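Following: one structure in structure tokens, then a few remarks.
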Amino acid sequence: MPPSYTDDQIVYAVRDGRITPAQLDRMAQGMIDLVNKTRAAMSIDNYRFDVDAHDEVAHQAAIESIVMLKNDDAILPLNADPVANPSATPRKIAVIGEFARTPRYQGGGSSHITPTKMTSFLDTLAERGIKADFAPGFTLDLEPADPALESEAVETAKNADVVLMFLGLPEAAESEGFDRDTLDMPAKQIALLEQVAAANQNVVVVLSNGSVVSVAPWAKNAKGILESWLLGQSGGPALADVIFGQVSPSGKLAQSIPLDINDDPSMLNWPGEEGHVDYGEGVFVGYRYYDTYGKVVDYPFGYGLSYATFEIADVAVAKTGANTATVTATVTNTSDVDASETVQVYVAPGKADVARPKHELKGFTKVFLKAGESKTVTIDLDERAFAYWSEKYNDWHVESGEYAIEVGTSSRDIADTVAVALDGDGKTQPLTEWSTYGEWEADPFGAKIVAAVAAAGEAGELPKLPDNAMMRMFLNSMPINSLPTLLGEGGKKITAFMLDEYAKLSK
């Protein structure tokens with residue numbers, strides 16, 4: 001199930017069969033289990049949890065979430081933190097954008113919670129003794145630009161060595177209860193970025209948004225881009241840690257960033273008509289669509305830069321069962337910066353009976369490596385990693401054959417590909433007169449009967465089926481009860497022979 005389903009989408013997905021009752025039960029049970037885990041603590045009189053410890057969890061989660069999209073001229077990290085870099089020459093920093101002072105730390109609607117504490121980026125700078133000039137630049141709404149705020153921001157940028165520009169989507173632009181109709185950020189923010197970039201070429205954009213925004217239209221105005229999403233209550237310290245180099249960014253995109261909203265397959269059916277919406281893209285959601293159909297994207301699924309560089313080598317796959325496997329690879333930090341890399345494993349099916357994506361992410365692991373260090377990672381692939389949901393069997397189904405195992409750092413940055421041959425789960429359905437000749441040929445029992453038909457034809461005991469490419473194409477797609485149409489009385493004999501033999505073999 002795609003991770004981006006909202007409450008109303010879950011209802012439609014259950015109705016349409018894209019979420020099975022069993023999956024819905026597991027989701028509900030997960031929520032019940034979470035509630036049960038809290039009962040012991042909540043039943044203690046005057047129970048108090050460790051606010052600082054919980055805030056540190058939020059801090060670490062925020063660090064792990066930040067995705068660096070661009071870092072031209074190694075503009076990041078900045079050497080301005082007197083604690084982390086006491087001997088570095090301070091750079092004069094301008095911080096522009098209301099999000100730096102008033103962070104959008106959570107989503108809208110029913111996602112609202114009350115934080116135990118809230119630390120903005122400006123708060124963090126003050127706490128760490130890092131000097132910066134601040135200008136809000138714009139208001140956090142969809143109202144027109146304020147010329148006075150824009151002028152102040154441009155003047156602030158002129159006097160700085162580097163500009164940290166905090167842009168994104170205000171809550172009015174994305175929330176539950178309505179759909180976004182654009183991937184663009186508010187026009188006043190883009191216009192301000194252009195003005196600031198004209199005054200100072202050293203601009204780093206820090207984004208705040210719940211889902212992707214278009215980057216290509218304005219990326220030329222920024223040397224660095226951090227996609228920070230909605231970072232929670234400790235987002236300010238997390239951003240400072242990354243921006244000033246105390247940690248290397250290690251987040252990876254959970255969504256592809258398209259060049260245009262119309263490149264997305266959902267646009268064929270959205271926003272719907274006459275009271276309904278078709279989720280017509282089926283399994284071809286996000287990168288599964290873009291990669292399968294060769295769509296150019298701005299940034300691919302799984303993408304994310306680091307202050308370090310890495311190399312993946314010695315990729316291997318070992319079959320561990322009829323339909324399971326283990327993937328191993330060696331990851332090396334080839335830089336002088338300690339950092340984490342996420343190794344991603346994609347499964348690419350071979351020939352399939354149904355439409356399947358080019359590949360799908362089926363496993364990943366994040367590994368921390370000191371400068372120059374190497375580690376071997378292992379990722380297990382269970383049977384579900386190779387399966388698809390079969391309407392025919394009303395169950396998950398693994399076809400026999402060869403599967404490609406792709407190991408890389410994004411859906412389009414594949415370091416190596418290895419193959420594994422699987423036995424398949426052996427699922428079959430009863431063959432009938434309405435089963436096609438091709439389905440008979442693919443069935444374990446049916447294949448024997450098809451071979452018997454050919455042998456009987458050669459022996460003159462049954463009519464001999466025409467053996468040419470055109471006729472084979474017709475045969476494979478037609479039910480066997482149509483053979484009389486093709487071969488007359490001889491076709492009736494072949495159909496009767498196949499059904500009789502199947503009855504004997506399948507007892």
Side-chain angles (χ1 to χ4, degrees), residues 1-3 13-14 16-27 281-289 291-292 301-302 315-329 343-365 377-408 411 414 416-432 435-450 476-477 502 505-506:
M1 185 182 73
V14 172
D16 296 342
R18 289 174 292 112
I19 297 178
T20 67
Q23 287 176 305
L24 188 62
D25 287 344
R26 286 197 295 270
M27 292 164 62
E281 61 269 32
V283 296
F284 294 96
V285 177
Y287 77 93
R288 296 171 181 84
Y289 168 75
D291 291 358
T292 301
F301 174 83
V315 175
V317 61
K319 191 175 176 182
T320 56
N323 300 304
T324 59
T326 293
V327 182
T328 56
V343 181
Q344 302 165 37
V345 175
Y346 295 81
V347 172
K351 184 179 179 182
D353 288 340
V354 298
R356 299 190 69 175
K358 175 184 177 181
H359 59 187
E360 294 179 276
L361 180 70
K362 294 299 183 179
F364 63 90
T365 187
V377 298
T378 300
I379 299 173
D380 294 324
L381 298 177
D382 61 13
E383 189 164 298
R384 278 286 297 276
F386 302 97
Y388 66 87
W389 179 259
S390 169
E391 296 291 340
K392 181 168 70 173
Y393 297 117
N394 194 36
D395 196 3
W396 294 98
H397 179 39
V398 179
E399 294 181 296
S400 62
E402 190 172 274
Y403 292 73
I405 309 300
E406 303 171 347
V407 179
S411 73
I414 304 300
D416 201 0
T417 301
V418 292
V420 62
L422 302 183
D423 300 348
D425 55 27
K427 286 188 174 77
T428 60
Q429 277 198 323
L431 296 172
T432 70
S435 302
T436 67
Y437 201 80
E439 288 171 336
W440 279 76
E441 206 166 26
D443 182 87
F445 290 148
K448 295 177 182 178
I449 295 167
V450 168
N476 284 343
S477 62
Y502 184 73
L505 285 174
S506 58

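In this text the structure is predicted, and so the values were computed from the model without any measurement.
When all heavy atoms are compared, the tightest approach of G446 to L431 is CA-CD1, 3.8 Å. Taking all atoms of both residues into account, the shortest heavy-atom contact from K351 to E399 is O-OE1, 4.0 Å. The shortest non-hydrogen separation linking P430 to S435 is O-OG, 4.2 Å. Considering every non-hydrogen atom in both A325 and T320, the closest pair reads N-OG1, 3.3 Å. Here the closest non-hydrogen pair linking A387 and R356 is O-NH2, 3.2 Å. For the residue pair A404 and T417, the shortest heavy atom distance occurs at CB-CG2, 3.9 Å.
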>> Before you tell me yes or no, could you show the steps for F445 and W440 under ring pair (Phe, Tyr, Trp, His ring centres under 6.0 Å), namely the whole-Å CA-CA distance, both residues' side-chain angles and the distance that decides it to 0.1 Å?
In response: CA-CA 8 Å; F445 290 148; W440 279 76; over 10 Å; no

> When you look at V418 and Y403, which way does the side chain to side chain contact (heavy atoms under 4.5 Å, CB included) test go after all the steps?
Replying inline: CA-CA 9 Å; V418 292; Y403 292 73; over 6 Å; no

> Step by step, would you call T326 with L381 a side chain to side chain contact (heavy atoms under 4.5 Å, CB included)?
Replying inline: CA-CA 6 Å; T326 293; L381 298 177; over 6 Å; no

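No more than 12 heavy atoms of other residues, nucleotides or ligands sit less than 6.0 Å from atom NZ of K448.
Checking side-chain atoms of N323 against main-chain N and O of G424 turns up a donor-acceptor pair under 3.5 Å. Looking at T292, its side chain does come within 3.5 Å of a backbone N or O of K358 through a donor-acceptor pair. At distances below 3.5 Å, at least one donor-acceptor pair connects side-chain atoms of K319 with backbone N or O atoms of A421. Of the possible polar contacts, none joining the Y388 side chain to the W396 backbone as a donor-acceptor pair under 3.5 Å is found. With hydrogens and angles ignored, the 3.5 Å screen pairs no side-chain donor or acceptor of E441 with any backbone N or O of V450. A donor-acceptor distance shorter than 3.5 angstrom exists from the side chain of T324 to the backbone of G321, with no hydrogens or angles considered. Listed for the Q344 side chain is no donor-acceptor partner under 3.5 Å among the backbone atoms of G363.
Using a 4.5 Å cut-off on side-chain heavy atoms (C-beta onward), V398 and L422 make contact. Residues Y289 and V283 are not in side-chain contact: their nearest non-hydrogen atoms beyond the backbone lie 4.5 Å or more apart. Taking the side chain as every heavy atom from C-beta outward, S400 and D423 never approach each other to under 4.5 Å. In this structure, the side chains of T328 and V315 stay at 4.5 Å or more apart for every pair of heavy atoms.
The aromatic rings of Y346 and Y287 sit perpendicular to each other, their planes meeting at more than 60°, with 30° as the lower class boundary.
Within the model, atoms OG1 of T428 and CD of E439 stand 12.0 Å from one another, a figure rounded to the nearest 0.5 Å. Residue D291 holds its CG atom at 3.5 Å from NE2 of H359, rounded to the nearest 0.5 Å. Between atom CD of residue E360 and atom OG of residue S411 there is a gap of 12.0 Å, rounded to the nearest 0.5 Å. Rounding to the nearest 0.5 Å places NZ of K392 at 6.5 Å from NE2 of H397.
With sequence neighbours excluded, the residues satisfying salt bridge (charged side-chain N to carboxylate O under 4.0 Å, His left out) with K427 are D395, D425.
The side-chain contact (heavy atoms from CB on, under 4.5 Å) test with V345 singles out one residue from V317, V327, D380, and that residue is V327.
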